[in-house]
A.B. asks: 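Would you mind keeping the following structure in view while I ask a few things?
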Amino acid sequence: MSGVNGTGPASTLEQFKRHVAEKKIRYVIGTGTGDFAASAGGSDNAARIAEWVRHTFTAGTVDGATAIDLAP
């Protein structure tokens, strides 16, 4: 997935949701700060994706990093 750090074209939220539904993306890894949306950085699309993930799925912590399982 590109674009989350602002260096490439980011998926739109709709594209990301489709990738999740098609099981092309299974996990999202953050910084472990507890605020995944703020740690996403990068583009406006990345911020929208991060906000949707934060409100839709439950985050956990693995070795100090935020890990979010996108499986239903």
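As a basis for the values below, the full set of heavy atoms in this structure was taken, side chains included, without hydrogen atoms, waters or symmetry mates. We count residues from 1, following the sequence as given.
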A.B. asks: Heavy atoms only: give me the nearest Ala65-Ile29 pair and the separation to one decimal.
C.D. replies: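 For Ala65 and Ile29, the tightest heavy-atom pair comes out as CB-CG2, 4.1 Å.
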A.B. asks: Kindly give the heavy-atom pair with the smallest separation between Leu70 and Phe57, and that separation in Å.
C.D. replies: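 Nearest pair, atom of Leu70 first, then Phe57: O-CE2, 3.4 Å.
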A.B. asks: What pairs meet the salt bridge (charged side-chain N to carboxylate O under 4.0 Å, His left out) rule with one or both residues in residues 57-72, with sequence neighbours excluded?
C.D. replies: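 Salt bridge (charged side-chain N to carboxylate O under 4.0 Å, His left out) check on residues 57-72 returns Arg26-Asp69.
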A.B. asks: Roughly how far, to the nearest 0.5 Å, is NZ of Lys17 from CZ of Arg48?
C.D. replies: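 Nearest 0.5 Å value for the CZ-NZ distance: 11.5 Å.
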A.B. asks: Between Val28 and Phe16, is any pair of side-chain heavy atoms under 4.5 Å apart?
C.D. replies: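 When only atoms from C-beta onward are counted, Phe16 and Val28 do touch, with a gap below 4.5 Å.
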A.B. asks: Go through the structure and list residues passing side chain to side chain donor-acceptor pair (under 3.5 Å) with Lys23, not counting sequence neighbours.
C.D. replies: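 Counting only residues at least two positions away or on another chain, Lys23 forms no side chain to side chain donor-acceptor pair (under 3.5 Å).
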A.B. asks: Not counting sequence neighbours, which residues clear side-chain contact (heavy atoms from CB on, under 4.5 Å) with Ala59? List them please.
C.D. replies: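 side-chain contact (heavy atoms from CB on, under 4.5 Å) list for Ala59, sorted by chain: Thr66, Ile68.
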A.B. asks: Quick one: CG on Asp44 to OG1 on Thr12, what's the gap to the nearest 0.5 Å?
C.D. replies: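 Reported value, rounded in 0.5 Å steps: 11.5 Å.
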A.B. asks: How would you list, by chain and number, every residue that makes a side-chain contact (heavy atoms from CB on, under 4.5 Å) with Glu22, sequence neighbours excluded?
C.D. replies: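 Glu22 satisfies side-chain contact (heavy atoms from CB on, under 4.5 Å) with Arg18, His19, Lys24 only.
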